[in-house]
Visitor: 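There's a structure below that I have some questions on.
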Protein chains: 2
Amino acid sequence: MDRLDLRILDQLQRDASLTNQALAERVGLSPSACLKRVRRLKARGVIQREVAILAPEALGTSLHMVVEVIMARDDRALYRDFVRRVEAAPEVTQCYQVTGEVDFVLIVSVPDMRGYDRFCESVLYAGGGMHKFRTLISRKRNKFETRLPLSG
Amino acid sequence: MDRLDLRILDQLQRDASLTNQALAERVGLSPSACLKRVRRLKARGVIQREVAILAPEALGTSLHMVVEVIMARDDRALYRDFVRRVEAAPEVTQCYQVTGEVDFVLIVSVPDMRGYDRFCESVLYAGGGMHKFRTLISRKRNKFETRLPLSG
DNA sequence: CGTGAAATATGTATCGT
DNA sequence: ACGATACATATTTCACG
């Protein structure tokens, strides 16, 4: 991963709808050379996928919650089942397994409190491994950036 | 936003690299009709942008932190300045303004503890409005999904 | 890595429902 | 207002230097 790859990644992280031609011009390559690099980055898994980012308000899914979960015991099977439910639940958009008093932090996106309730039932209370949880209701999502800082 | 729009959004949220032709076929429209809808969805701001999702491990930016921030006072100017620093900091990938004891929850993505330290200096301690913060270190990011549930 | 030509895709105009 | 067809333009993609 040289300087050119990093420039390509920087651009695609900002705007994946760039044509290969436009991308090539911005990074200073011919279209064919640029395409080869993009394909290599995809094959290597550096570029995982390209997605459309939608406006939560336009979809009526603009209630975001931060949920801190404490599990009943540090039990491998318990954790595994919990992660499985998290992965299967579309309302849970993110799940971080953390160290300290809290075991998991989830980001949950729902249309309303009813949707949040359904999440609690289907993910938190189901299965029985959860000990306690705390919900931080987001009044506003000030920043949501999929772009990661590039070290190079 | 009818059923066809929702199908288009569903597809593009999964894979924005679909050609318009392939998309049209999947949702059951002619390419031109499909293109019109996609453009309308972009113009209306339903589709905000298209981005490439990169693998954090491949970039060396795989240390994720959940940071809970409590501000010194509920002061408009203080909050505004804090949000400004958050928006300017590339390490802060997300910022939720929440209700309760905690005022902000941040997701911070850095290469290592040194990077986290720099974030603390440039965002948390700078400006002086922060009262306390708690860091939850992510041992593992079990889920990271940009896709929002579509109600339709 | 770049060039150029063939294969694909996008975008537009027009017509039909 | 919305979708389909067909045509013109632009882009992707690949063999070759």
Side-chain angles (χ1 to χ4, degrees), chain A residues 1-62 111 145-152, chain B residues 1-61 145-152:
Chain A
M1 280 229 308
D2 58 8
R3 188 166 292 296
L4 284 165
D5 280 341
L6 289 173
R7 292 185 68 177
I8 288 172
L9 294 172
D10 182 45
Q11 290 298 323
L12 292 182
Q13 244 184 333
R14 294 172 198 260
D15 182 4
S17 75
L18 275 175
T19 65
N20 182 57
Q21 283 193 348
L23 177 63
E25 194 179 352
R26 288 191 190 197
V27 304
L29 274 176
S30 72
S32 71
C34 185
L35 184 62
K36 267 185 220 161
R37 279 171 179 268
V38 170
R39 284 217 267 243
R40 191 175 55 189
L41 289 166
K42 282 178 181 164
R44 286 182 184 169
V46 180
I47 298 174
Q48 289 189 328
R49 58 204 210 283
E50 294 173 22
V51 299
I53 303 295
L54 309 185
E57 311 77 29
L59 300 175
T61 311
S62 55
E145 182 59 68
T146 54
R147 206 177 135 212
L148 291 172
L150 297 178
S151 19
Chain B
M1 279 231 308
D2 58 8
R3 197 153 194 310
L4 284 165
D5 279 341
L6 289 173
R7 291 185 69 177
I8 288 172
L9 293 172
D10 183 45
Q11 290 298 323
L12 292 181
Q13 243 184 337
R14 294 172 198 263
D15 183 4
S17 74
L18 275 176
T19 65
N20 182 55
Q21 282 194 350
L23 177 63
E25 195 179 352
R26 288 190 190 200
V27 302
L29 275 175
S30 71
S32 74
C34 184
L35 186 61
K36 265 187 224 162
R37 280 172 178 270
V38 171
R39 284 217 268 243
R40 192 176 54 189
L41 289 166
K42 281 179 183 167
R44 287 181 182 168
V46 181
I47 298 174
Q48 290 189 327
R49 57 205 212 286
E50 295 173 20
V51 299
I53 303 295
L54 308 187
E57 310 76 29
L59 299 175
T61 311
E145 183 57 70
T146 54
R147 205 176 135 212
L148 292 173
L150 297 178
S151 15

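Residue numbering restarts at 1 for every chain, and letters A, B, ... go by the order of the sequence lines.
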Visitor: For the pair made of CZ in B:Arg40 and C1' in D:dG3, what is the distance, rounded to whole Å?
Guide: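 For the pair B:Arg40 CZ and D:dG3 C1', the rounded distance is 12 Å.
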Visitor: At under 4.0 Å between heavy atoms, what does B:Leu4 touch on the DNA or RNA strands: base, sugar-phosphate, or nothing?
Guide: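 If one applies the 4.0 Å heavy-atom cut-off, B:Leu4 turns out to touch the sugar-phosphate alone, with no base involved.
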Visitor: Rounded off to whole Å, could you give me the CG-to-P distance for the B:Leu29 and C:dT10 pair?
Guide: 14 Å
Visitor: I'd like to know whether CZ of A:Arg49 has more than 12 heavy-atom contacts from other residues, nucleotides or ligands below 6.0 angstrom.
Guide: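 Atom CZ in A:Arg49 is crowded, with more than 12 foreign heavy atoms closer than 6.0 Å.
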Visitor: With no angle test and no hydrogens, is the base of D:dT5 tied to the side chain of B:Ser32 by a donor-acceptor pair under 3.5 Å?
Guide: yes
Visitor: Expressed as a whole number of angstroms, how long is the span from B:Gln21:CD to D:dA4:C1'?
Guide: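 Nearest whole value for this atom pair: 14 Å.
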Visitor: State which of C:dC1, D:dT13, C:dT12 makes the closest approach to the side chain of A:Leu35.
Guide: D:dT13
Visitor: D:dT12, D:dA4, C:dC1: which one has an atom nearest the side-chain heavy atoms of A:Ser30?
Guide: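 For A:Ser30, the side-chain atoms sit closest to C:dC1.
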Visitor: Are any non-hydrogen side-chain atoms of B:Arg40 and B:Val46 less than 4.5 angstrom apart?
Guide: no
Visitor: Output the rounded distance in Å from CZ (B:Arg26) to C1' (C:dA9).
Guide: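 Taking atom C1' of C:dA9 as the reference, CZ of B:Arg26 is at 16 Å.
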Visitor: NA contact type, A:Thr19, heavy-atom cut-off 4.0 Å: base, sugar-phosphate, or nothing?
Guide: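 Answer is sugar-phosphate: A:Thr19 comes under 4.0 Å of backbone atoms only.
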Visitor: For A:Arg39 and D:dT12, is the shortest distance between a side-chain N/O and OP1 or OP2 below 4.0 Å?
Guide: no
Visitor: Round to the nearest Å and state the distance from B:Asn20 atom CG to C:dT10 atom P.
Guide: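 Distance check: B:Asn20 CG to C:dT10 P gives 5 Å.
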Visitor: Hey, does A:Leu54 have a side-chain heavy atom less than 4.5 Å from the side chain of A:Thr61?
Guide: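 With C-beta onward as the side chain, the pair stays apart.
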Visitor: Any carboxylate oxygen within less than 4.0 angstrom of a Lys/Arg side-chain nitrogen, looking at B:Arg26 and B:Asp10?
Guide: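 B:Asp10 and B:Arg26: not salt-bridged.
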Visitor: Round to a whole Å and report the spacing from CG of B:Leu23 to P of C:dA9.
Guide: 13 Å
Visitor: Hey, are the side chains of B:Arg37 and B:Arg7 touching, using non-hydrogen atoms and a 4.5 Å cut-off?
Guide: no
Visitor: To the nearest Å, give me how far apart CD (B:Glu25) and P (D:dG3) are.
Guide: 17 Å
Visitor: Separation of A:Arg37 atom CZ from D:dT12 atom C1', in whole Å?
Guide: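 These atoms are roughly 18 Å apart.
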